[in-house]
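In what follows, a structure is listed as structure tokens, so that the remarks can point back to it.
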Amino acid sequence: MTNLKKLHPSEWNSFRKAKSRCTCATASDFRWYGEKGIEFRFESFREFLNVLGSKPEGCSLERIDPKGHYEKGNVCWDLRSRENKNKTNNRLITYNGKTQCLADWADELGIPYMRLWARLYRLNWSFERAIA
């Protein structure tokens, strides 16, 4: 095990943090994971590493279904920017039959994210007015 930790320190750190947030009541983010019933279902670091492989540069551990467990089939390495769009506290906006988070709308429409956010949530504009 020690050799695996030394050979894959970034992956070990992701494993350790994910396991802690699900199993350690004193972890700062336990309330968002373990307290909500999200489980860490990998038996060992070796199993975790066999399932996910090496962590690509600029990526972090993501659950594909944010309400699902840390387990085979529901975890992957993903770009942090995309991971941040897959959070349970995102407000999804439906416009013209299409639903996506604010960051995706801002990217698609070419409007700076903070400008769009301020129009919607500070100025309380409708989405139609905010994108005009």
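One-based numbering along the sequence shown. Treat the numbers as computed from the prediction; the structure is a model and nothing was measured.
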On the 0 to 90° scale, with breaks at 30° and 60°, tag the F45-W12 ring pair as parallel, tilted or perpendicular.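 Rings of F45 and W12: perpendicular, over 60°.
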
Name the orientation class of the two ring planes belonging to F48 and F15 (parallel below 30°, tilted from 30 to 60°, perpendicular beyond 60°).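 Perpendicular, since the angle between the ring planes exceeds 60°.
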
Counting only heavy atoms not in E128 (residues, nucleotides, ligands), do more than 12 fall under 6.0 Å from its CD?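 Count over threshold, so yes.
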
Counting only heavy atoms not in R16 (residues, nucleotides, ligands), do more than 12 fall under 6.0 Å from its CZ?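 Atom CZ in R16 is crowded, with more than 12 foreign heavy atoms closer than 6.0 Å.
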
To the closest 0.5 Å, what do you measure between [atom1] ([X]) and [atom2] ([Y])?
| X | Y | atom1 | atom2 | answer |
| --- | --- | --- | --- | --- |
| L49 | H8 | CG | NE2 | 4.5 Å |
| R21 | K36 | CZ | NZ | 13.5 Å |
| I93 | C101 | CD1 | SG | 8.5 Å |
| L102 | M114 | CG | CE | 9.5 Å |

Without swapping roles, check the side chain of [X] against the backbone of [Y] for a donor-acceptor pair under 3.5 Å.
| X | Y | result |
| --- | --- | --- |
| R41 | E71 | no |
| E39 | H69 | no |
| R63 | G68 | yes |

Does any non-hydrogen side-chain atom of [Y] lie less than 4.5 Å from one of [X]?
| X | Y | result |
| --- | --- | --- |
| K19 | F42 | no |
| W105 | I131 | no |
| F127 | R119 | no |

